Every structure is written in structure tokens, then in C-alpha cells.
Number of protein chains: 2
Amino acid sequence: MPDVKHFDPDAVLEQVERLFWRRGAATTGIAEVVAATGLSRSSLYATYGGKQDLYVKALRRYVERRSEPMFRTLTDDGRGLPAIAAFFDALIEARCTGEYARWGCMAANAHAEPADPQVRDLLDRHHGMLRAALRAALETAGDRLRPGLDLDATAESLTLLAYGVNVRSRAGADATALRRGVTAALDALRFTAP
Amino acid sequence: MPDVKHFDPDAVLEQVERLFWRRGAATTGIAEVVAATGLSRSSLYATYGGKQDLYVKALRRYVERRSEPMFRTLTDDGRGLPAIAAFFDALIEARCTGEYARWGCMAANAHAEPADPQVRDLLDRHHGMLRAALRAALETAGDRLRPGLDLDATAESLTLLAYGVNVRSRAGADATALRRGVTAALDALRFTAP
DNA sequence: GCTATCTTGGAATGTTCATTCCAAGATAGC
DNA sequence: GCTATCTTGGAATGAACATTCCAAGATAGC
């Protein structure tokens with residue numbers, strides 16, 4: 001008997017995600033969301049709740065549908081260091097060119113705004129999954145790594161490096177400089193025959 | 001003949017800097033600035049201009065009076081890798097404990113908000129000076145480094161690492177985990193006798 | 001096609017915001 | 001101590017904001 005929604009909630013959430021990703025949570029008004037989605041305020045509030053709920057849902061979508069697939073690809077790659085290099089290459093490419101150039105990483109960006117507990121959980125999850133993926137890739141690199149390398153600590157250091165790339169790319173950092181930085185970090189991990 | 005200001009503009013600017021640093025530009029209202037400084041709106045606007053001017057001045061103060069002294073210390077240290085290790089130790093200590101715990105780096109935080117040109121310049125300057133300081137410290141490390149290391153690229157990679165530390169510390173990252181990550185990155189640069 | 005029920009558009013609400021304004025106050029030279 | 005000039009406190013202004021509300025519209029089962 002009831003009426004049904006006249007739009008696809010996930011497709012709209014993707015538009016909202018992109019808006020918050022590009023412009024930030026605090027500086028984006030509901031009026032902009034209405035303009036970007038074409039939805040009315042009624043539909044927005046009935047479907048997603050208030051602005052903070054909407055932001056959390058958009059950030060969750062970002063982590064689950066954008067970050068985690070990349071992390072899974074890295075985890076499952078199996079090539080070791082080349083997998084990590086490919087991950088960073090793709091990251092820098094996405095951050096510096098094309099549609100999302102200078103948007104940074106929505107999760108990294110979220111660190112700057114005062115942290116709602118739900119947001120904090122998502123950020124810790126983002127960090128934890130990236131770290132785990134890098135750790136898995138390092139394990140498969142095996143004896144191509146410097147002997148005696150602390151894999152957990154190295155995974156953490158590469159995770160921090162990725163956050164650095166994400167942050168600086170939003171300010172328009174040069175892709176070549178970022179790539180050189182990443183290459184230097186990865187080269188330092190490599191085993192070099194005496 | 002004229003009246004003179006009833007407050008110290010730089011001391012007040014420091015209070016404002018701390019407010020914007022902790023809470024972010026977009027989420028901080030002029031009312032909060034008034035409350036934190038005890039100044040009236042009149043004095044605020046007459047002395048610093050509008051909110052955006054005030055924010056830029058506060059960010060500039062942060063870069064010049066907080067970041068750059070640290071960078072200079074690093075540049076002038078002369079010990080090489082131990083200087084870099086000390087720099088990161090002090091950074092993590094400041095970011096994770098005491099008065100400024102979980103505030104992150106005001107410059108790193110500023111990356112998340114839509115970038116005013118003046119802000120962008122300050123962020124590039126922040127990045128450039130940190131990179132130059134690390135580069136200088138790497139040079140003095142000399143033959144304690146892996147042979148064939150690209151110093152520019154390595155300086156960039158350590159700069160990105162520092163931004164990663166800054167970002168994650170704002171989400172309450174564990175100081176020990178950060179220290180281990182940094183140690184792993186620095187250990188990978190070290191020359192190890194065959 | 002009728003109806004109960006949910007959705008939608010857009011106006012309405014009330015709060016919070018940055019900024020402006022002015023009367024009262026303070027200062028330094030005379 | 002008088003005055004020209006700047007500063008200050010706090011009210012005033014108007015825009016922007018998130019949220020609510022309701023009449024009109026759309027739907028699916030009968």
C-alpha cells in the first residue's frame with residue numbers, strides 16, 4: 001500500500017560521499033547536498049537522518065567501497081614488494097590526476113575535524129586494514145626484504161607514509177615528487193646482495 | 001593623542017592559534033574566539049581583520065613560531081640519523097602527550113579544509129622547510145647511510161612519514177606504535193656492515 | 001479506482017553565524 | 001584637565017544554517 005522511494009539510496013549516498021570528500025564535512029551545507037543530489041530535504045532526512053548521520057554514512061561508504069577494495073587487492077596480490085609499489089602507484093595516480101585529483105583521502109581528511117566516536121571508529125578501522133594489508137604484502141615479499149626487518153613496524157611505517165601521500169596530495173603535491181618519496185622508502189626495504 | 005591597544009596582539013594571536021589548531025577553522029566560531037581571548041569583537045576585527053584573515057595569521061604564527069624552530073634545530077643538529085630520530089621522538093611526544101595531545105599538526109590539519117591561496121602557500125612552505133631540514137640532516141649522516149641512497153627522495157619520504165604521524169596522532173594513535181613505525185623507517189636507511 | 005500509507009517539494013522555524021555599528025571609555029600630547 | 005583620536009563593549013544586523021512541518025503526490029494491495 002505505501003509509496004516507495006523515488007530514488008536509489010546508495011546512488012544518492014555516493015553523490016553525497018563525493019561532496020563531503022571533496023569539500024569536507026563542516027564546510028558543506030545541507031543546501032549543497034540538496035543541490036548535488038536533486039533530492040528534497042524531506043527525502044534526505046527521512047532516509048539518512050540528520051547531517052552528522054549522513055556524513056557518517058558517507059564516510060562508511062567511502063571506507064567500505066573505496067578504501068577496503070584497494071586494501072583487499074593489496075592483501076591478495078601475492079607479489080610482495082611489487083604489489084606494494086603498485087598499490088602506491090595507483091594511490092598517487094588517483095590522488096593527483098583525473099576526477100579525484102586534489103581531493104585527498106576522505107578518511108585522512110576526516111582526521112582534521114573534531115572526532116565523533118563513530119568517525120573515530122571508522123578511522124581506526126581504515127588505519128588497521130591498511131596496516132594489515134601492507135603487513136600481508138610484506139610477508140609475501142619474504143627474502144627479498146632486508147634480513148631482520150620488523151614486519152609489523154615496517155607495515156606501520158608504510159601506513160603512515162600512505163597517510164602522508166594522502167594529505168599532501170590534497171594540497172596539490174607533485175605526483176613525481178610523491179612517487180620518488182615512495183620509491184625511496186620501498187628501496188630502503190629491499191635486500192641488496194653484498 | 002590616540003588611545004593604545006589594551007592587550008598584546010601576539011599573545012592574543014597565540015590563544016587564537018591554539019583554538020584553531022585544536023578545533024579546526026571551519027568548526028570554530030568567532031564567539032569561541034571572543035570567549036577564549038576575552039577580547040571584544042571590535043578589537044578582534046580592528047586588529048586582525050575578519051575570520052579568514054585571523055585564521056591565516058594564526059596559521060602563519062604556527063608555522064613560523066612552532067614548526068620552523070623545530071626544523072631549524074634539526075637542520076643545525078649535525079648528528080645525522082640520531083638528529084632525525086630525536087626530531088621524530090620529540091614530535092611523537094608532543095603529539096601524543098601533554099597539553100597538545102591529539103591536536104595533531106595545525107598545518108597538516110589545514111590540508112583537509114578547502115584551500116585559500118594564502119593557506120596553500122603556508123602549507124607548501126611548511127612542507128618545503130621540513131623537507132629541506134631532513135635533507136640537511138641526511139647529508140650530515142654521510143656514510144652511516146646505505147650506499148647509493150637518493151637523499152632528496154629519502155627526505156621527501158621522511159617528510160611524508162612526519163605528516164602521517166601528525167595525522168594519525170590526532171585520532172589518538174598509540175605513541176609506541178608511531179615510534180616503532182618511525183624506527184623501522186630510519187633503520188631501513190642505515191648502513192649495515194656485510 | 002479506491003484507500004491507507006509512505007514519499008516528496010518547498011515553505012516555515014528558530015538557531016547560529018560573521019560582520020557592522022555606535023556610544024562610552026581610555027590615552028597622550030598640550 | 002582638555003581634546004582629538006583610537007579602542008572597547010555589547011547590541012544590532014542580516015545571511016546562512018540544520019531541522020521540522022504539512023499539504024500534495026505517488027504507490028500497491030484490494
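The structure presented is a predicted model; accordingly, all values stated were derived computationally and were not measured.
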Secondary-structure stems, DNA chain D, at least 3 Watson-Crick or G-U base pairs under 3.5 Å: C:1-30 with D:1-30
Which of residues 16-23 of chain A have a heavy atom under 4.0 Å from DNA chain C? none
Using a distance-only test with no angle check, is there a side-chain donor-acceptor pair under 3.5 angstrom linking B:S40 and B:S43? yes
Only residue of B:V165, B:N166, B:T183, B:L161 satisfying side chain to side chain contact (heavy atoms under 4.5 Å, CB included) with B:L178 is B:V165
For B:Y100, what residues pass the ring-ring contact (aromatic ring centres under 6.0 Å, His included) criterion, not counting sequence neighbours? B:W21, B:W103
Could you tell me whether B:T28 contacts a base, only the sugar-phosphate backbone, or nothing, with contacts defined as non-hydrogen atoms closer than 4.0 Å? sugar-phosphate
Measure from CG on A:D3 to P on C:dC6 and round the result to the nearest Å. 10 Å
Criterion side chain to side chain donor-acceptor pair (under 3.5 Å) against A:R135, the qualifying member of A:T75, A:T154, A:D152, A:T159: A:D152
Pairs touching residues 73-98 of chain B that satisfy ring-ring contact (aromatic ring centres under 6.0 Å, His included), sequence neighbours left out: none
Heavy atoms from other residues, nucleotides or ligands near CG of B:D10 exceed 12 (cutoff 6.0 Å): yes
What do you reckon, is CG of A:D8 surrounded by more than 12 foreign heavy atoms closer than 6.0 Å? yes
What residues in residues 35-61 of chain B put a non-hydrogen atom under 4.0 Å from any atom of DNA chain C? B:R41, B:S42, B:Y45, B:G50, B:K51
Step through the shown structure and confirm whether more than 12 heavy atoms of other residues, nucleotides or ligands are within 6.0 Å of CZ on A:R190. yes
Group every Ile, Leu, Val, Met, Phe, Trp and Tyr by side-chain heavy-atom contacts under 4.5 Å, then state whether A:V12 and A:Y45 land in the same group. yes
Determine the minimum heavy-atom distance between A:F20 and A:A58, stating which atoms define it. CD1-CB, 4.0 Å
How close or far is atom C1' of C:dA11 from atom CD1 of A:I30, stated in whole angstroms? 17 Å
Against A:R61, only a single residue in A:V16, A:L13, A:V56 fulfils side chain to side chain contact (heavy atoms under 4.5 Å, CB included); can you say which? A:L13
Here the pair of heavy atoms bringing B:A155 nearest to B:L138 is N-CD1, 3.6 Å
Sort out for me which residue in A:H127, A:R168, A:H126 forms a side chain to side chain donor-acceptor pair (under 3.5 Å) with A:Y163. A:H126
Interface with DNA chain D, restricted to residues 4-15 of chain B and to heavy atoms under 4.0 Å: B:V4, B:K5, B:H6, B:F7
